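This report concerns only the one structure given below.
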Amino acid sequence: MLTRVKSAVANFMGGMMAGGSNGDHSGGSDLPLKYPYSRPEFLGLSPDEVECSADHASRPIVIVKETKRLPWATGYAEAINAGKSALNEDQARCEVLVIKRKPGGNPTSSQIPMTRRRSSLPNGEGVADKYKDSPYLDRTEDLMLNYWALFDGHAGSGAAVMASHLLHHHVALHLQEVLEILCTPNLLAPTCLGEEPINHHLTPTSQRALTRAASLRGAAGAPCSPGSPPTRFFTEKKVSQESLVIGAIENAFKDMDMQIEKEKGVYNISGGCTALAVVCLLGKLYVANAGDSRAIIIRAGEVIPVSAEFTPESERQRLQFLAYMQPQLLGNEFTHLEFPRRVQRKEVGKRMLYRDFTMSGWAYKTIEDDDLKFPLIYGEGKKARVLATIGVTRGLGDHSLKVHDSNIYIKPFLSCCPEVRVYPLGQYEHGADDVLVLGSDGLWDVLSNQEAAEAVTSFLANCNPDDRHRYTMAAQDLVMRARGVLKDGGWKISNDRLGSGDDISVFIIPLTHASKQN
């Protein structure tokens with residue numbers, strides 16, 4: 001075990017040391033690929049351009065050629081890593097989705113066709129125009145949403161490529177299940193579907209009363225139920241439409257993870273990935289994050305974080321509690337306790353600082369032989385690892401990932417569940433320089449929220465507000481600030497600091513278009 005741990009620790013700076021970390025998307029498997037490796041479709045790169053973008057020596061910054069390929073004149077830019085992996089393991093996706101309901105049918109995923117169209121105009125107005133003659137456009141069964149996502153792959157690009165192709169479909173399918181409810185303004189979610197039809201002509205108050213009566217019928221203790229005991233009163237939680245959307249996104253992430261696991265036996269799907277997705281629906285932004293990518297809103301120069309990173313340090317207590325409850329997951333080679341440093345055998349019997357899952361602070365304990373095992377969480381900052389292997393605690397994939405040279409699986413400690421935060425677009429006035437910035441960790445490793453916001457604000461202030469390319473150029477500038485310039489054999493940014501050696505991907509989404517649409 002000690003040899004394996006030393007090998008793992010030696011790989012801290014190189015990220016994950018599991019198989020496939022060289023960036024080979026085929027991972028050496030004889031199974032066919034589910035989807036071939038490529039760069040984001042909206043970039044419109046030729047095979048030669050894809051090859052040129054993978055030059056680790058020059059690390060060219062790739063941008064969108066035509067702004068009409070993305071809605072709302074969204075800006076996007078990316079740059080490959082400095083040699084960490086052969087391929088750029090980041091992936092990105094941007095879609096405009098229209099979810100429809102068949103006439104006379106129930107809104108189930110098997111019955112409802114989902115029409116997907118990319119906007120023909122930079123501000124997304126072409127989508128509405130495209131469906132102006134549709135028989136469904138004036139019906140309540142239509143939903144249009146905008147979707148952006150970043151996927152940061154590790155130990156191969158397979159999971160990131162697959163998620164970039166499919167996650168938005170899972171989101172749409174789960175939204176279809178609650179389509180009728182979402183299309184009824186101000187309606188609270190019925191507790192139980194199927195007992196009473198949703199009547200669009202009922203007021204929200206009468207609809208709730210009808211649903212509540214239906215849910216009580218036949219329940220134990222309900223009035224008029226056979227053999228009922230004395231009458232008792234029931235309370236019902238009020239569930240908002242916003243909560244239904246959040247639940248749909250959460251279940252979409254879970255289904256995406258399950259699909260990756262299921263299809264690994266049929267296709268070669270290497271590694272895992274973090275996922276940061278944004279859904280713009282019914283006047284709100286839903287920002288879902290599973291991993292260490294990040295999203296911020298810049299509004300009137302103010303920075304508003306709309307995501308949080310999930311790392312071994314931020315999720316220490318959850319991981320320690322799981323290991324405490326299921327010690328077999330540690331394979332008798334790790335301890336769930338955390339110490340400031342590795343415990344040495346000569347320190348057995350002495351008192352040393354430690355903390356457990358019940359603690360945010362530190363205390364002293366008497367060191368025992370079990371404390372000599374390698375800690376479940378070890379390292380600090382970007383060097384922190386779970387089971388000496390992986391530096392993120394949420395994401396998709398990684399079902400086959402094990403501790404180096406062991407049979408200890410890491411997946412039980414990894415969660416595919418995103419945190420979903422909601423930003424109400426309609427509550428604020430947004431100007432041309434108010435934007436949502438999405439970035440993979442390659443950006444945030446070297447730039448703080450404030451540094452990124454100042455860079456974007458300063459750049460946009462010097463651009464023509466009517467220039468459709470301003471957000472793409474701002475994204476390019478932000479990637480360049482994080483990558484830096486090649487100097488003395490290394491990438492350097494301002495103040496002679498080290499630049500990011502990781503893959504860098506950035507979306508800059510203008511909120512003024514979102515406000516107009518909603």
Side-chain angles (χ1 to χ4, degrees), residues 11-16 21-23 39-40 43 52-63 75-92 150-155 157 160 271 273-276 289 291-296 298 303 305 307 309-311 313 379-385 390-392 395 437-456 458-459 472-508:
N11 282 275
F12 269 162
M13 292 305 292
M16 293 184 53
S21 61
N22 61 355
R39 298 316 305 144
L43 288 175
C52 290
S53 72
D55 185 348
H56 297 283
S58 62
R59 302 180 68 192
I61 298 175
V62 182
I63 62 174
Y76 177 82
E78 67 175 36
I80 196 170
N81 61 81
K84 174 182 173 183
S85 59
L87 300 174
N88 185 336
E89 294 180 338
D90 284 1
Q91 290 289 328
L150 291 177
F151 305 91
D152 185 352
H154 48 251
S157 59
C273 67
T274 65
L276 172 63
N289 190 38
D292 58 357
S293 294
R294 189 186 305 173
I296 63 170
I298 306 169
V303 179
S307 72
E309 286 97 297
F310 295 97
T311 66
E313 290 184 307
E380 192 174 5
K382 291 298 291 185
K383 295 183 180 181
R385 295 291 183 269
I390 187 170
V392 291
V437 179
L438 310 182
S440 59
D441 67 328
L443 174 72
W444 308 111
D445 284 349
V446 295
L447 295 181
S448 67
N449 288 357
Q450 192 61 42
E451 287 175 320
E454 289 174 359
V456 171
S458 173
F459 189 91
T472 292
M473 293 186 293
Q476 181 184 34
D477 178 71
L478 200 55
V479 171
M480 184 166 63
R481 287 173 182 266
R483 183 204 64 180
V485 296
L486 198 56
K487 179 180 177 183
D488 299 328
W491 292 92
K492 299 293 180 64
I493 60 175
S494 62
N495 298 324
D496 211 32
R497 296 177 295 167
L498 284 177
S500 175
D502 201 355
D503 300 314
I504 310 170
S505 300
V506 172
F507 274 121
I508 294 185

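Side-chain atoms are counted along with the backbone in the values below, which use heavy atoms only and exclude waters and symmetry mates. From a predicted model like this one, the values you see are computed outputs, not experimental measurements.
Residue Ala453 comes nearest to Ile298 through the heavy atom pair CA-CD1, 3.5 Å, listed as atom of the first residue, atom of the second, then distance. Nearest heavy atom pair, residue Gly442 against residue Ser500, reads O-OG, 2.7 Å. When all heavy atoms of Ile493 and Gly499 are compared, the closest pair comes out as CG2-CA, 3.5 Å. For the pair His154 and Val392, the tightest heavy-atom approach, listed with the atom from each and the gap, is CE1-CG2, 3.9 Å.
The main-chain N or O of Ile80 is never found under 3.5 Å from a side-chain atom of His56 such that the two would form a donor-acceptor pair. Under a 3.5 Å cut-off, the side chain of Arg39 and the backbone N or O of Ala92 do not form any donor-acceptor pair. For the pair Ser307 (side chain) and Ala295 (backbone), a donor-acceptor distance under 3.5 Å is present.
Between atom CG of residue Leu443 and atom CG of residue Leu438 there is a gap of 10.5 Å, rounded to the nearest 0.5 Å. For the atom pair CH2 (Trp491) and CG (Leu498), the distance works out to 13.0 Å, reported to the nearest 0.5 Å. Atom CD of Gln91 and atom OG of Ser157 lie 6.5 Å apart (nearest 0.5 Å). A distance of 9.5 Å separates OG of Ser53 from CG of Leu87, quoted to the nearest 0.5 Å.
Under the side-chain hydrogen bond (donor to acceptor under 3.5 Å, both in side chains) criterion, Asp152 pairs with no residue at all, not counting sequence neighbours. Judged as a side chain to side chain contact (heavy atoms under 4.5 Å, CB included), and not counting sequence neighbours, the contacts of Gln450 are Val303, Ser448, Glu454. Taking Asp502 as the reference, Lys84 meet the salt bridge (Lys or Arg N to Asp or Glu O under 4.0 Å) condition, with sequence neighbours excluded. Judged as a side-chain hydrogen bond (donor to acceptor under 3.5 Å, both in side chains), and not counting sequence neighbours, the contacts of Thr311 are Ser314. A search for side chain to side chain contact (heavy atoms under 4.5 Å, CB included) contacts involving Ser505 returns Tyr76, Glu78, Asp90, Leu150, Ser440, not counting sequence neighbours. With sequence neighbours excluded, the residues that form a side chain to side chain contact (heavy atoms under 4.5 Å, CB included) with Ser58 are Asp55, Pro60. Not a single side-chain hydrogen bond (donor to acceptor under 3.5 Å, both in side chains) links Glu313 to another residue, sequence neighbours left out. Take Asp441 and apply the side-chain hydrogen bond (donor to acceptor under 3.5 Å, both in side chains) test, not counting sequence neighbours, and it matches Lys382.
Neither side chain, Asn289 nor Arg294, offers a donor N or O lying under 3.5 Å from an acceptor on the other. Ser85 and Asn81 form a side-chain donor-acceptor contact under 3.5 Å, judged by distance and modelled atom types alone.
Within the 4.5 Å cutoff, side-chain heavy atoms of Trp444 are placed close to those of Asn449. Two residues are said to be in side-chain contact when any heavy atoms from C-beta on lie closer than 4.5 Å; Val446 and Arg497 fail this criterion.
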Can I get a per-line list of side-chain donor-acceptor pairs under 3.5 Å for residues 472-489, giving both atom names and the distance, sequence neighbours left out?
unit_1	atom_1	unit_2	atom_2	d
Asp477	OD2	Arg481	NE	2.8
Arg483	NH1	Arg59	O	2.7

